[in-house]
Amino acid sequence: MVIVDQLSSVGQLLLNAAKSKSVVSFKSFHALFDDGTSNNDKYDTLEAASRALCPSYVAIYSAIMAKNSDGCPGIGFYDIFNNLRSKEFIYVAGHNDPQQLTVDDKRKIASLERTRVYKHAKGNF
């Protein structure tokens with residue numbers, strides 16, 4: 001379920017990072033929500049905020065999320081990327097299974113999409 005009250009703050013967090021060509025830590029993202037908010041609701045809100053900034057077929061704003069461990073977005077981003085840009089996904093990874101991506105594949109795919117996000121933010125905000 002999308003948490004409507006948080007759409008604006010999540011969108012602003014994404015937009016600020018995109019405009020500065022940086023990334024958003026998951027810690028910063030999770031800090032926007034009340035304790036006890038389910039992760040599913042948080043991620044539904046993230047995707048809704050991403051789509052509110054830009055249609056996913058143009059740029060997937062959740063690409064600028066970054067885990068501390070590897071600097072990559074979460075698996076949900078790779079599912080969306082695979083669905084929308086399957087040829088690029090296969091070109092990078094050699095297959096179309098987000099669950100089988102190496103860290104190097106994840107970084108390459110994230111970099112491709114982050115370039116789109118940064119370009120969109122620069123030209124539209």
Side-chain angles (χ1 to χ4, degrees):
M1 172 179 74
V2 174
I3 303 170
V4 177
D5 292 344
Q6 291 301 99
L7 279 173
S8 179
S9 58
V10 172
Q12 195 62 55
L13 187 70
L14 293 171
L15 184 57
N16 289 344
K19 288 166 67 175
S20 65
K21 294 185 176 182
S22 63
V23 295
V24 174
S25 73
F26 277 90
K27 183 177 181 178
S28 296
F29 166 71
H30 286 290
L32 296 175
F33 297 90
D34 294 333
D35 289 342
T37 303
S38 79
N39 282 338
N40 285 342
D41 291 350
K42 291 176 187 179
Y43 294 124
D44 287 349
T45 304
L46 172 64
E47 293 309 325
S50 176
R51 289 188 308 271
L53 290 170
C54 177
S56 296
Y57 67 86
V58 175
I60 307 166
Y61 268 70
S62 60
I64 60 178
M65 297 300 299
K67 292 187 266 179
N68 285 340
S69 60
D70 58 15
C72 295
I75 191 67
F77 160 73
Y78 297 99
D79 287 330
I80 295 167
F81 188 93
N82 186 34
N83 289 333
L84 294 175
R85 309 191 203 302
S86 60
K87 288 181 183 177
E88 284 181 83
F89 190 102
I90 291 169
Y91 178 79
V92 171
H95 57 79
N96 67 342
D97 184 354
Q99 299 291 331
Q100 300 300 317
L101 291 171
T102 66
V103 172
D104 189 49
D105 292 340
K106 289 178 181 180
R107 287 181 178 144
K108 287 177 184 174
I109 290 170
S111 178
L112 288 170
E113 197 61 30
R114 287 171 179 168
T115 298
R116 284 186 186 95
V117 169
Y118 300 151
K119 180 178 178 183
H120 179 268
K122 181 179 180 181
N124 292 280
F125 297 103

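Just so it is clear, the values below take in all heavy atoms, side chains as well, and ignore hydrogens, waters and symmetry mates.
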Check for me, please, whether V92 and L84 land in the same ILVMFWY cluster - side-chain distances under 4.5 Å, paths through other members count. yes
So CZ of F29 and CG of L14: to nearest 0.5 Å the spacing works out to 8.0 Å
Quick one: CG on D104 to CG on D70, what's the gap to the nearest 0.5 Å? 11.5 Å
Show the atom names and distances, to 0.1 Å, of all donor-acceptor pairs under 3.5 Å that link a side chain in residues 71-83 to residues at least two apart or in another chain.
residue, atom, partner, partner atom, Å
Y78, OH, K106, O, 3.0
N82, ND2, N96, O, 3.0
N83, ND2, D79, O, 3.2

Any donor-acceptor N/O pair, R116 side chain to A59 backbone, under 3.5 Å: no
Check whether any side-chain N or O of T45 sits under 3.5 Å from a backbone N or O of D41 as a donor-acceptor pair, and report yes or no. yes
Neighbour count above 12 (heavy atom, 6.0 Å) for K119 NZ: no
Are more than 12 heavy atoms, taken from residues, nucleotides or ligands other than N39, located less than 6.0 Å from that residue's CG atom? yes
Is R114 reaching over with its side chain to a backbone N or O of M65, donor-acceptor style, under 3.5 angstrom? yes
Nearest heavy-atom pair of S50 and I60: which atoms, and what distance? OG-C, 3.9 Å
Nearest 0.5 Å please: distance from the NZ atom of K21 over to the OG1 atom of T115. 8.5 Å
Taking a hydrophobic cluster as the set of Ile, Leu, Val, Met, Phe, Trp and Tyr residues connected by side-chain heavy atoms closer than 4.5 Å, whether directly or through intermediates, do I109 and I90 fall within one such cluster? no
Cluster partners of V58, using ILVMFWY side-chain heavy atoms under 4.5 angstrom, listed by chain and number? Y57
According to ring-ring contact (aromatic ring centres under 6.0 Å, His included), who are the partners of Y118, at least two apart in sequence or on a separate chain? none
If hydrophobic clusters are built by linking Ile, Leu, Val, Met, Phe, Trp and Tyr wherever their side-chain heavy atoms come under 4.5 Å apart, do L53 and V2 end up in the same one? no
Heavy-atom closest contact (S56 atom, R85 atom, distance): O-NH2, 3.1 Å
What pairs with Y91 under ring-ring contact (aromatic ring centres under 6.0 Å, His included), at least two apart in sequence or on another chain? none
Answer yes if Y43 and F33 sit in the same cluster of Ile, Leu, Val, Met, Phe, Trp and Tyr residues linked by side chain heavy atoms under 4.5 Å apart, and no otherwise. yes
Pairwise distance OG(S38) to CD1(I3) - rounded to 0.5 angstrom: 6.5 Å
Quick one: closest heavy-atom pair of H95 and Q100, and the distance? NE2-O, 3.6 Å
Distance-minimising heavy-atom pair for G11 and A49: N-CB, 3.8 Å
Answer yes or no: is there a side-chain heavy-atom contact under 4.5 Å between D105 and F89? no
State, yes or no, whether a side-chain contact exists between R51 and Y61 at a heavy-atom distance under 4.5 Å. no
Going from NZ on K42 to CG on D34, what distance comes out if it is rounded to the nearest 0.5 angstrom? 9.5 Å
What residues, two or more places apart in sequence or in another chain, satisfy ring-ring contact (aromatic ring centres under 6.0 Å, His included) together with F26? none
Qualifying residues under side chain to side chain contact (heavy atoms under 4.5 Å, CB included), relative to S9, sequence neighbours excluded: Q6, L32
Heavy atoms, side chains only, cut-off 4.5 Å: are V24 and N16 in contact? no
